[in-house]
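Reading through the C-alpha cells given below for one structure.
Quick note: residue numbers are just sequence positions, from 1.
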Amino acid sequence: MKNKVLISLFLINSFLGAQNFITNERGAQVGDCITSYCLAKILSIKYKENLQYTYTPFIHSELFVFDHEPRIDINHVFSEQIRVFDEGCITNNLNKDNVLFTCHLETKINQIDQPCIDLIKQEVQFKQIPKVNKIPTDVTTMAVHIRKGNGGGQFFDGQQTSLQAFDFNREQVKYLNNYVSYPFDWESYTRNNGHLVCNILENYKEYEPNWSFSGKPVDKVDKWQTKFPPDQFYIDQIIKVSKELNHQKLYVQLFTDDKNPYELITKLKNAVNLENITFFYEDNRNSSYKEQIFRDLYAMSKFDILIRSQSYFSRVAELMGNHKLVIYPLEFKWDDNKLIMNKVVIKGDIEQLKRKLNIGILITATGKYIQFAKEFITGAKKYFLPNHNLKFFLFTDGQYAKEDNVTVLEHKKIGWPYDAMNRYELYTKHKDLFTDLDYIFSCDVDLKFISNIDEAILGDRIALKHPHFENNRRGRYEVNNKESKAYVADHEGQHYFCAGFFGGTKNEFLKMCNKVSCDIESDFKINFVAEVHDESHTNRYFIDNPPTVMLPYTFGCQEELPWEITDKTKILYVYKNHDEVRQ
C-alpha cells in the first residue's frame, strides 16, 4: 500500500511538471465526449514532448477503462485556455507555458496513425461486462443503430419530416469500399475531399435550452442529414448485405432511441421481407439511461456487422468493436421530401462473412432410371453452386457405389406415372433428413449439367419455365375436371413450369411438397389423375404461391435439339426412349 502511494505521488508530481496540457471537452452526450477524448488523446501522443494529457470526467465516463487517466487538480490555474480547431492551434502556442488545450467534436487532426487507434481501442472499453441478450453464434449477426432523436432517448432532438420509406433509382447510390476514416474523426471526409469545414457550433446555435430544435426538423439541419437517415437507408443496406451473402441466415438486432421501437422493427421486417432474417429488439426502456448505454454499446460492439448512421453513439460502438463489416452514409441529396444517402461507406470484407450454404438435391432413380444417376451427380458437383456444400439424396431400388455426400435411400418402383407423383410424399416423409439444409432442389435424374449455376438462382421458391411453352406461356394446365386439386380456370396462370427442376428454401420447399402431396392424394380418392400428373399439381401450387425466382425457358434445353442451346443454357434434358426407361 505504501509503495502504491509513493508511485501515485511520483506520477502526480511528474504530471504537474509538464509545460502544457490537453484535455477532452465535457459535454452531455456520451458519444460526443468520447470523440473529444479520442482526439485529445491522439494529439497528446503526437506532441508528447510538449503536451501532457489530462482527463476531464463526463457523464457516465466512470464506466470506461480510460477513467484511470491522470487528471489535474481542479484548483490548478492555467495561464491560458485554448479551444483546438486544428493542429495549428497547438503548434502556434507550444512556446507558451501552462496552457490548457481543449479538444471538441470538430477538432481537426492532419494525420492519424494506426498505433494511436490500437491504443484508443484498448482504452474505449468497459471496465466490466454488462448482462446482455445472448447473441447467436451459429449465424451471421448484424447490429442496426437507427438514430431518431424523437423523444425515446436521453434528450429530445426534434422530429424527422422526410419521407421514411420510398422507392428511388438505386443507381445514384455510390458505395465506397476503400474509403479510410475513423469513427471519432468528424473531419475525415472534409479533409480527404477538400470540402469546406463543417462548423458544428453553428448548428448548436439552433438549440433551445431544452435541446429541441426551434423550427427546423433534425433531418434538415445542415450536415446532420447523415445522422438521421430515413428508414429506407437501413432497409436497403439490410437487403444488400443479405443478397451479397447469398441470403444466408442473418440475425438482425435493432438499437434505437426511437420512442416506438417495436413499431419501427415491424416496419423494417415487413419492408425487408426476407425469410432468412430473424429480427430482434431487446426492450430496455425501463432501465436507466446509464444502463442503456452500458448494455447497448457493449452489445453493438460484438456483432459481425454494424449498420449505423453518423451518430457518435454508434461510432463509439464501432471503435469498441472488431466488426467484420461496417456500413454508414457519407453524403446525401434531397429529392423533394426524399432524403437519399447517395454516398455510402462499406468498411471491411464481406467475403469474410460468406459461409457455405448446405444445398440438398433430391433425386428419384427407380428401375432403369438409375443409369442416369452417376452422370447427374458428377455434373452437379462440377457446375451446380460449386462454392457451397452439396448433399445428394438418392431414392432408388438400384445399386449405387458409395460416394461422398451422397445418401442412398431404398425406394421401390411403383410404376409410371406414380414414381414421379409419389416423390412429394416421399420427400415429406423424409423431412427429418433435411434439418441442416438451407435450400432444397428436386431434380429429375435424367438432367445433365453443362454450365456453371451461381447464387443468382437462389430464392424462397424457385421454378423453371417449361421450354416447350415459350410462345404459349400458359402451357397445358389441367382444365377438364373442376373437382381436381390441379384444376386451373381459363383466367388463371401466366407461366407454365417444369416439374423436373424446382426448389427453394428448406421451409418453403417442404411446405410445397406437403401441399402437393395432399392434393395428389385427394385426386386419387376421386380416382382422378391430372393431365400432366405431378406437373399439373406443381403448376397449380405456383399459381397460388408464385415463384420468387423464375428461371427462363433457355435455362434448360432438349439434348436432341442442339440448335436451341445458348450461352444461357445450364442443363440439358437427356435424350432417351421414354417408354423403355419407364418400364
(message) Measuring only between side-chain heavy atoms, which start at C-beta, is Asn322 closer than 4.5 Å to Lys121?
(response) yes
(message) Tell me whether Lys506 contacts the main-chain N or O of Ile359 through its side chain, where contact means a donor paired with an acceptor under 3.5 Å.
(response) no
(request) Look only at the side chain of Asn337 and the backbone of Ser162, and say whether a donor-acceptor pair between them is shorter than 3.5 Å. (result) no
(request) Take Glu87 and Lys108, measure what salt bridge (charged side-chain N to carboxylate O under 4.0 Å, His left out) needs, and give me the verdict at the end. (result) CA-CA 7 Å; Glu87 289 189 44; Lys108 183 177 178 181; over 6 Å; no
(request) Please round to the nearest 0.5 Å and tell me the distance separating atom OH of Tyr234 and atom CD1 of Ile307. (result) 9.0 Å
(message) Do Gln172 and Lys343 pair up side chain to side chain, a donor and an acceptor below 3.5 Å, judged on atom types alone?
(response) no
(request) Determine whether the side chains of Thr102 and Thr23 contain a donor N or O and an acceptor N or O closer than 3.5 Å. (result) no
(message) Under a 3.5 Å cutoff, is there a donor and acceptor pairing between the side chains of Asn514 and Thr428?
(response) no
(request) List the steps, then state whether salt bridge (charged side-chain N to carboxylate O under 4.0 Å, His left out) holds for Lys354 with Glu351. (result) CA-CA 5 Å; Lys354 288 183 178 178; Glu351 294 297 325; 3.0 Å; yes
(request) Please name the residue in the list Leu437, Leu426, Ile361 that meets the side-chain contact (heavy atoms from CB on, under 4.5 Å) test with Phe393. (result) Leu437
(request) Apply the test side chain to side chain contact (heavy atoms under 4.5 Å, CB included) to residues Trp224 and Ser311: give CA-CA distance (whole Å), side-chain angles for both, the deciding distance (0.1 Å), then the verdict. (result) CA-CA 9 Å; Trp224 277 37; Ser311 166; over 6 Å; no
(message) Would Lys240 and Tyr175 count as a cation-pi pair here, with the cationic atom under 6.0 angstrom from the ring centre and within 45° of the axis?
(response) yes
(request) Apply salt bridge (charged side-chain N to carboxylate O under 4.0 Å, His left out) to Arg295 and Glu282, showing your working. (result) CA-CA 10 Å; Arg295 295 170 65 181; Glu282 183 179 10; 2.5 Å; yes
(message) Between Phe228 and Asp157, is there a side-chain heavy-atom distance shorter than 4.5 Å?
(response) yes
(request) Can you spot which of Asp219, Asp231, Asp257, Asp258 makes a salt bridge (charged side-chain N to carboxylate O under 4.0 Å, His left out) with Arg147? (result) Asp257
(request) Would you please indicate yes or no on a ring centroid separation below 6.0 angstrom for Phe441 and Phe384? (result) yes
(message) Cation-pi check for Phe168 against Arg170: NZ or CZ below 6.0 Å from the six-membered ring centre and within 45 degrees of the axis, yes or no?
(response) yes
(request) Could you tell me whether the side chain of Phe184 reaches within less than 4.5 Å of the side chain of Ile34, counting heavy atoms only? (result) no
(message) Could you tell me if the side chain of Thr140 sits less than 4.5 Å from the side chain of Ile305, heavy atoms only?
(response) yes
(message) Please verify the inter-ring angle class for Phe58 with Tyr55; under 30° counts as parallel, over 60° as perpendicular, anything in between as tilted.
(response) perpendicular
